[in-house]
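Let me begin by presenting the structure, written as structure tokens, before commenting on it.
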Amino acid sequence: VQLVESGGGLVQAGGSLTLSCATSGFTFDEYVVGWFRQAPGKEREGISCLIDSAAMTFYSDSVKGRFTIFRDKNIIYLQMNDLKPEDTALYYCAAAVYRLRSFNAFKATIRSGSGYLGQGTQVTVSS
């Protein structure tokens with residue numbers, strides 16, 4: 001499994017960015033994919049996931065209504081609108097074997113080290 005993120009950068013508050021994650025080594029009917037982020041001094045936070053085989057998406061309360069996860073072929077995207085300074089973080093693409101239709105299960109799997117994370121892409125939102 002390989003996950004390679006891109007698209008991070010510096011943006012003003014209220015602006016938009018779209019992150020990309022090029023994936024390989026697995027199929028979307030067997031894996032759940034999503035995005036995590038980690039701000040300095042804070043724990044890694046699961047913010048979104050896509051269960052492609054069930055046509056389901058999930059979002060954390062912190063990004064719901066502003067971020068959208070979607071897939072085009074082997075690339076996972078995170079469209080981020082109305083960005084806020086508190087969105088500043090290192091953003092990671094994640095993948096884990098599909099076991100449950102559950103965002104919490106996906107987050108727990110990644111936190112346990114049983115899934116996969118990319119190298120991360122930095123997003124900085126200025127006020």
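Index from 1, following the sequence. Remember, it's a predicted structure, so these values are computed and weren't measured experimentally.
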Applying the side-chain contact (heavy atoms from CB on, under 4.5 Å) test to Ile110, which of Tyr92, Phe36, Tyr116 qualifies? Phe36

Parallel, tilted or perpendicular: which one describes the rings of Phe106 and Phe103, with boundaries at 30° and 60°? parallel

Atom pair OG1/CE of Thr18 and Met80 - distance to nearest 0.5 Å: 7.5 Å

Do any N or O atoms from the side chain of Arg71 and from the backbone of Lys73 form a donor-acceptor pair under 3.5 angstrom? yes

Tightest non-hydrogen contact, residues Ser127 and Pro85, listed as CB-CG, 3.8 Å

Does the side chain to side chain contact (heavy atoms under 4.5 Å, CB included) test come out yes or no for Ser6 and Thr121, once each step is laid out? CA-CA 6 Å; Ser6 61; Thr121 185; 5.6 Å; no

Indicate whether the side chain of Ser102 and that of Asn104 have a donor and an acceptor atom separated by less than 3.5 Å. no

Are the side chain of Glu5 and the backbone of Gln119 linked by a donor-acceptor contact shorter than 3.5 Å? yes

With a 4.5 Å limit on heavy-atom distance, are the side chains of Phe58 and Ile69 in contact? no

Sub-4.5 Å side-chain heavy-atom contact between Phe28 and Leu50: no

Answer with yes or no whether the side chains of Asn81 and Ser16 bring together a donor and an acceptor at under 3.5 Å. yes

Validation row: Tyr31, Thr23 side chains within 4.5 angstrom (heavy atoms): no

Side chain to side chain, Trp35 and Cys21, heavy atoms closer than 4.5 Å: yes

Is the closest side-chain donor-acceptor distance between Gln12 and Ser126 under 3.5 Å? no

Write down the atom of Gly7, the atom of Leu17, and the distance for their closest heavy-atom approach. O-CD2, 3.8 Å

Arg37 and Asp87, any side-chain heavy atoms less than 4.5 Å apart: yes

Would you please classify the geometry between the Tyr77 ring and the Phe70 ring as parallel, tilted or perpendicular, with 30° and 60° separating the classes? parallel

Step by step, work out the side chain to side chain contact (heavy atoms under 4.5 Å, CB included) result for Ser53 and Tyr98. CA-CA 9 Å; Ser53 59; Tyr98 174 32; 3.3 Å; yes

Is any side-chain heavy atom of Arg66 closer than 4.5 Å to a side-chain heavy atom of Tyr59? no

Any donor-acceptor N/O pair, Thr88 side chain to Val125 backbone, under 3.5 Å: yes

So how far is it from Phe26 CZ to Gln2 CD, rounded to the nearest 0.5 Å? 10.5 Å

